[in-house]
2 protein chains.
Amino acid sequence: MSEQNHTALHTLKISCSSCSLRELCLPVGLNREEMSQLDTVIRQSRRLKRGEYLFRSGEGFKSLYAVRTGFFKTCVASQDGREQVTGFLMSGELMGLDGISTNNHSCDAIALEDSEVCELPFGRMESLSRDIPSLQHHFYRLMSREIVRDQNVMLLLGNMKAEERIAAFLLNLSQRLSTRGFAANDFILRMSREEIGSFLGLKLETVSRTLSKFQQQGWITVDHKHIQLVKVEDLKNLIAGCIHASGH
Amino acid sequence: MSEQNHTALHTLKISCSSCSLRELCLPVGLNREEMSQLDTVIRQSRRLKRGEYLFRSGEGFKSLYAVRTGFFKTCVASQDGREQVTGFLMSGELMGLDGISTNNHSCDAIALEDSEVCELPFGRMESLSRDIPSLQHHFYRLMSREIVRDQNVMLLLGNMKAEERIAAFLLNLSQRLSTRGFAANDFILRMSREEIGSFLGLKLETVSRTLSKFQQQGWITVDHKHIQLVKVEDLKNLIAGCIHASGH
DNA sequence: ATTCCGCATTGACGAGGGTCAAGCTTCACC
DNA sequence: GGTGAAGCTTGACCCTCGTCAATGCGGAAT
């Protein structure tokens with residue numbers, strides 16, 4: 001029964017009252033009791049204004065955070081001020097996994113617009129995951145997915161040219177937005193050219209020039225932060241062979 | 001008692017008969033019974049010849065592998081043949097974490113010299129980790145450490161110049177070798193210039209030229225694969241501010 | 001021991017993208 | 001609504017690193 005139950009529920013989402021984790025972050029098959037257990041662990045969500053830090057590198061690690069609404073970037077900084085954006089996060093995506101290893105966060109998480117997150121106290125999630133095998137498995141999978149994502153970013157940074165990086169970036173954003181029910185080919189960038197550049201290993205001028213170039217070729221339209229993808233196929237051709245690339 | 005026991009044992013290594021995981025890969029505090037449980041799960045080690053694949057991208061995921069002896073690279077490949085080395089692994093380090101997310105490996109693991117690995121059947125490790133909290137925690141930490149490492153590689157690929165990358169690479173190798181009891185300043189590279197370049201986002205000629213340059217400046221000596229670090233401080237100055245960089 | 005092939009080194013050249021600078025737009029904040 | 005600062009675009013220039021090529025060296029296999 002329990003096994004069957006799990007299988008049947010596996011495609012369902014958890015509905016937890018306190019936040020919309022059900023969306024993407026925790027689509028595990030759980031029964032009612034397990035769900036309510038989880039609900040007691042997940043703390044009230046927290047709101048952040050644009051520019052606010054969710055956590056900073058070096059701070060003690062206590063919780064993971066799932067984006068409910070809004071948009072975040074994570075970045076690691078070197079002592080001399082160089083900064084590398086390591087990811088852009090949208091609803092349903094998880095931040096803070098880096099903190100587990102040393103009990104300190106190793107990157108900053110910053111809201112790029114007014115946002116809301118669920119706090120998942122890690123210690124309690126950890127013990128809960130001992131009682132709920134599918135939850136444990138789900139955490140292993142989430143962390144593994146992050147590792148795979150990072151490897152693809154490495155591929156992007158190590159092998160691809162500026163145009164390919166930008167194309168991969170746009171397509172990745174597009175794909176993730178459409179997953180969340182937003183338009184795939186018409187969206188607003190939440191981050192600056194400089195932040196895009198930092199993520200892609202390019203300077204902001206190169207980002208700007210490349211976007212202009214794509215526009216001239218009729219592949220996209222650019223109106224400041226408003227982007228429309230016009231010829232998705234051409235963009236895809238550009239990165240043919242570079243796997244799905246980047247992106248959470 | 002149990003709690004104290006854990007604390008006291010925390011700095012100890014597991015001694016499991018079948019392989020030398022105790023080294024670095026699983027330094028958890030476990031009592032005797034837990035250790036023997038773990039022992040029954042860890043399969044006999046497997047030997048690979050130089051050049052042999054431990055697993056390939058796309059293959060079904062069943063196990064993690066810990067390096068006992070030898071040296072590995074992991075790499076992701078794009079369809080058009082471009083290849084990105086995502087890490088070099090030495091004894092005690094773990095491979096295969098990427099496979100958890102989709103139940104398929106997403107990278108290749110290749111022995112760079114005759115090597116030996118321990119196979120850790122993941123399903124059994126997973127259920128065992130439910131019974132042994134410290135083991136579960138350790139797995140979370142291992143995966144988190146991999147994420148942190150990957151973020152630092154991103155920083156390297158996104159921000160650093162060729163000389164900085166090579167310096168960071170050499171220092172990282174040096175540090176990991178000395179951790180394992182090898183000489184920190186005198187070692188043999190197990191990988192080709194091309195593989196170094198792939199990892200660092202550089203072409204093999206640039207790797208070669210940069211090593212020659214370092215030698216001319218008296219910072220290192222280069223005799224094919226035999227490297228000696230002469231002026232570690234100068235190398236460190238070169239990457240001042242770039243955090244510990246690279247990894248694995 | 002010999003041969004061959006893979007790997008490494010080095011040079012010359014060129015291009016992609018970084019740097020510097022100027023001007024413009026937009027948005028946040030008074 | 002006005003003002004300033006921040007962000008964006010575009011151009012010119014230059015430098016780092018990639019590309020192409022020639023040569024050399026060493027190790028593996030026979």
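No hydrogens, no waters, no symmetry mates; every other heavy atom, side chains included, goes into these values. Each chain gets a letter, A, B and so on, in the order the sequences are listed, and its residues count up from 1. Fair warning: this is a prediction, and the values are worked out from it, not measured in the lab.
Residue side chain A:E194 does not reach the base of D:dC8 through any donor-acceptor N/O pair under 3.5 Å, judged by distance alone. For D:dC20, its base sits under 3.5 Å from the side chain of B:E205 at one donor and acceptor pair at least.
Where B:S208 and A:D223 meet DNA chain C, the nucleotide closest to each residue was compared, and B:S208 sits on the side nearer the 5' end. Both B:L204 and A:R165 lie close to DNA chain C; mapped to their nearest nucleotides by heavy-atom distance, the more 5′-ward contact belongs to B:L204.
A straight line from NZ of A:K203 to P of D:dC17 spans 13 Å, rounded to a whole angstrom. One can place CD of A:E164 at 12 Å from P of C:dG16, the figure rounded to the nearest angstrom. If you take CZ of A:R50 and C1' of D:dG7, they are 11 Å apart, rounded to a whole angstrom. Across the protein-nucleic acid pair, A:I188 atom CD1 and D:dG7 atom C1' stand 16 Å apart, rounded to whole Å. Here the C1' atom of nucleotide C:dC24 and the CZ atom of A:R193 are 14 Å apart, to the nearest Å. Rounding to whole angstrom units, CG of residue B:L189 and P of D:dG26 are separated by 17 Å. In this structure, CD1 of A:I196 is placed 16 Å from P of C:dG17, rounded to the nearest angstrom. One can place CG of A:L211 at 14 Å from C1' of D:dT10, the figure rounded to the nearest angstrom.
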Would you mind writing out the side-chain donor-acceptor pairs for residues 208-216 of chain A within the sub-3.5 Å range, not counting sequence neighbours?
{"from": "A:T210", "atom 1": "OG1", "to": "A:T206", "atom 2": "O", "distance (Å)": "2.6"}
{"from": "A:S212", "atom 1": "OG", "to": "A:S208", "atom 2": "O", "distance (Å)": "3.0"}
{"from": "A:K213", "atom 1": "NZ", "to": "A:E163", "atom 2": "OE2", "distance (Å)": "2.6"}
{"from": "A:Q215", "atom 1": "NE2", "to": "A:V222", "atom 2": "O", "distance (Å)": "3.2"}

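For residues 57-66 of chain B, the set of pairs meeting the side-chain hydrogen bond (donor to acceptor under 3.5 Å, both in side chains) definition, not counting sequence neighbours, comprises B:S63-B:E119.
Nucleic acid contact class of A:G201 (heavy atoms, under 4.0 Å, all strands): sugar-phosphate only.
At D:dG18, one or more side-chain N or O atoms of B:T206 fall inside 4.0 Å of OP1 or OP2 (strictly under the cut-off). Close to C:dT10, at under 4.0 Å from its OP1 or OP2, lies a side-chain N or O of B:S212. Close to D:dC8, at under 4.0 Å from its OP1 or OP2, lies a side-chain N or O of A:K225. Phosphate contact (OP1/OP2 of D:dT10, side-chain N/O of A:R209, threshold under 4.0 Å): absent.
You'll find that the side chain of A:S192 is closest to D:dG7, out of C:dA8, C:dA28, D:dG7.
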Walk me through whether B:F88 and B:F72 qualify under ring pair (Phe, Tyr, Trp, His ring centres under 6.0 Å).
CA-CA 6 Å; B:F88 296 110; B:F72 285 80; over 10 Å; no
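Under the 3.5 Å distance criterion, with hydrogens and angles disregarded, a donor-acceptor pair is assigned to the side chains of B:T179 and B:Q175.
For A:F182, the CZ atom counts as loosely surrounded, since its 6.0 Å shell holds 12 or fewer non-hydrogen atoms of other residues, nucleotides or ligands.
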